[in-house]
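Within every chain, numbering begins at 1; the chains are lettered A, B, ... in the order of the sequence lines, protein sequences first and strands thereafter.
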There are 2 protein chains.
Amino acid sequence: MATIRDVSKLAGVSVATVSRVINQKGYVHEDTLQRVHKAIKLLNYVPNDVARSLSKKSTKTIALFVPDITNPFFNELALAVEKVTQLYGYTTILCNTNESAKIERQYIQNLKQKYIDGFIMATNTLTEEEIDQLDIPMVAVDRSSTPVVPTVTSKNRDGAHLAVQALLQQGCNKIAHIRGPKGLWIAEERCQGYLDLVENMPWFTPKLIANGNFQLKEAAEAAKKLFKEHPDIDGVFAGNDLMAIGTLRALQEHGIRVPDQVQIIGYDGISLAEMVYPELSTVSQSIYEMGMLAARILIKKIEQIHLDEENHQLEVKLVQRGTTRHG
Amino acid sequence: MATIRDVSKLAGVSVATVSRVINQKGYVHEDTLQRVHKAIKLLNYVPNDVARSLSKKSTKTIALFVPDITNPFFNELALAVEKVTQLYGYTTILCNTNESAKIERQYIQNLKQKYIDGFIMATNTLTEEEIDQLDIPMVAVDRSSTPVVPTVTSKNRDGAHLAVQALLQQGCNKIAHIRGPKGLWIAEERCQGYLDLVENMPWFTPKLIANGNFQLKEAAEAAKKLFKEHPDIDGVFAGNDLMAIGTLRALQEHGIRVPDQVQIIGYDGISLAEMVYPELSTVSQSIYEMGMLAARILIKKIEQIHLDEENHQLEVKLVQRGTTRHG
DNA sequence: CTGTTAGCGCGTTCAT
DNA sequence: ATGAACGCGCTAACAG
């Protein structure tokens, strides 16, 4: 690997000049510019990022933390983040914490030692104190743990309303909710949205809410139990698509027809939702939007560009497909 | 952030000594060792990886390239790789090439500038020449593009035999194959395995082979077309689980009962296979094994430890679940 | 056992 | 417009 010095020698200039042309900074005569370029081509020179990072104390790379890389939602988010960071000349590295706070901290420590420029967190285990102490730009997506960092989420409660309303209008007389993890803000909001509309219904009972932990398998188990105890449930609003698919699977296993006997609506709008049969009706949030927005905000923070609006709550929309009886 | 110099001053020793205790290299008196440790604690000192990398020309990090992060197979592989690299003190960064040779090359260029120590490729777009020129340790998993790098795969052809044999024994009279991408070695092998057993059957025709590109959606389309033209197909061997699930979905959409009317067997053994209904029968390869093995081999190559066996072909086994009529 | 010093490859004043 | 020289933080001889 050629170094900047090799180039400078070949071009008959100083390293400073070479540095100038590489970074397009400061004045440099047209002729010497050509000579330097030629030398670079000749030597197949590529600047060494490690050395560059050391002197600039910046790596032009950010990290995206996701709790579960297995969930398509986060894959799609990652794609979006990567797209914009790349556009701005940044590299993004994906960290799967596997829902483990310990792994998350390890990663953070590790990355800090590597001069990471910023974090996008789709996880929520960090305390405000830790974030402050970190002293590295950060933004939260989807889940947000604390108000001290810019956050991008969707209107979870509104979304839940949309879903439950549709189920109600389309003839459901007893609607259950498979919710996400206790204590997780977005799970609480979606649950609350469900409650807003059904709490005062004559048929309502808290037993209609089961925890599926945002996981397909757990949701399937929860659904089975739910239907055993309340065979007359005819509508399910799941806190995310994965759990909705798990519910669908449980019902199919028991020979219950969807959407004839039971209608299901999920939340997220992941592409897997269109790959099950019947295709899943869902409250779709623009995952791609969220990722792009978060990335843009982070980069602005890194480059110290002023943001007039740090927090965003994106609109959601109801997409009815095969698991509901609509129009 | 404190530097090694700060520590050395506080401890009243030279930076070299501090470096020695950090890296546990060379002799250092017990007393000074204590002093240094105390200083480190006091200053909350953490070595700067960038500086370290610059002088050692090594980052203790490797990259794993996958063609499609959306495919659970690669997620599971990533988990395995990460596990062992971590064990050996390495960090691994996940690169999703999205099946694009261009993105792959960009990543490689980028990482090379960052002193990456090695690559694990689950992709196959690199030519031998490029690999040679790269001059960085590398190992291939799953797909292997060339014989010049150590490779870890499974016995694809044997696996295909297992699947087709089972379908045959369990009463199938006309078996179709949804294959992976043309030109992709593992796809060819699995297809060949299928051919080995059915090529001479009276009912066989090449039209029974359709390309699903290892993609769920494409496979669903392919299956629909296949069944329209050959309604009497009663068995399908898919080149991977995703395509098997796509097939299942297509059949369900047409009201064809699985496994009563049609039996399906996939390939891979991803966990998603257990999450559809009926649960997917499949040729299971030990994805985790593959990942771990590849990582170990790579690390040995990096650390220049001799390997007596560079290439591995792992055993596979047939797992019969809900999409076949067994026993 | 410990300190001095010269790199690692590049960015960046400060002169000229 | 260009060059000399120092600094980024750490490792690795080489002396002692």
Partner residues of F74(A) under the ring pair (Phe, Tyr, Trp, His ring centres under 6.0 Å) criterion, sequence neighbours left out: none
Residues forming a ring pair (Phe, Tyr, Trp, His ring centres under 6.0 Å) with F73(A), sequence neighbours excluded: none
Trace of the side chain to side chain contact (heavy atoms under 4.5 Å, CB included) decision for M290(B) with L77(B): CA-CA 7 Å; M290(B) 289 176 61; L77(B) 195 71; 4.2 Å; yes
Side chain to side chain contact (heavy atoms under 4.5 Å, CB included) between T127(A) and I131(A), worked out: CA-CA 6 Å; T127(A) 65; I131(A) 295 171; over 6 Å; no
Salt-bridge criterion met for E310(B) and R296(B) (N-O under 4.0 Å): no
Span of DNA chain D, from the first to the last nucleotide whose atoms fall under 4.0 Å of chain A heavy atoms: dA1(D) to dG9(D)
DNA chain C: 5'-most and 3'-most nucleotides touching chain B, 4.0 angstrom heavy-atom criterion: dC1(C) to dG9(C)
Difference in axis direction between the ends of the helix from dC1(C)-dG16(D) to dT16(C)-dA1(D), five pairs, 10°: 40°
Heavy-atom side-chain contact between K114(A) and N48(B) under 4.5 Å: no
Within residues 20-31 of chain A, residues whose heavy atoms come under 4.0 Å of DNA chain D: R20(A), Y27(A), V28(A), H29(A)
Residues in contact with DNA chain D, drawn from residues 4-13 of chain B - heavy-atom cutoff 4.0 Å: I4(B)
Listed partners of S58(B) passing side-chain hydrogen bond (donor to acceptor under 3.5 Å, both in side chains), at least two apart: D117(B)
Using residues 6-18 of chain A as the side-chain source, report each donor-acceptor pair under 3.5 Å to any protein atom, sequence neighbours left out, with the distance given to one decimal.
residue	atom	partner	partner atom	Å
D6(A)	OD2	T3(A)	N	2.9
S8(A)	OG	R5(A)	O	2.7
S14(A)	OG	A16(A)	N	3.3
S14(A)	OG	T17(A)	N	3.4
S14(A)	OG	T17(A)	OG1	3.4

For DNA chain C, the residues among residues 39-57 of chain A that have a non-hydrogen atom under 4.0 Å from it: Y45(A), P47(A), N48(A), A51(A), R52(A), S55(A), K56(A)
Contacting residues from residues 105-115 of chain B, given that a heavy atom lies under 4.0 angstrom of DNA chain C: Y115(B)
Qualifying side-chain hydrogen bond (donor to acceptor under 3.5 Å, both in side chains) pairs with a residue from residues 286-295 of chain A, counting only residues at least two apart or across chains: none
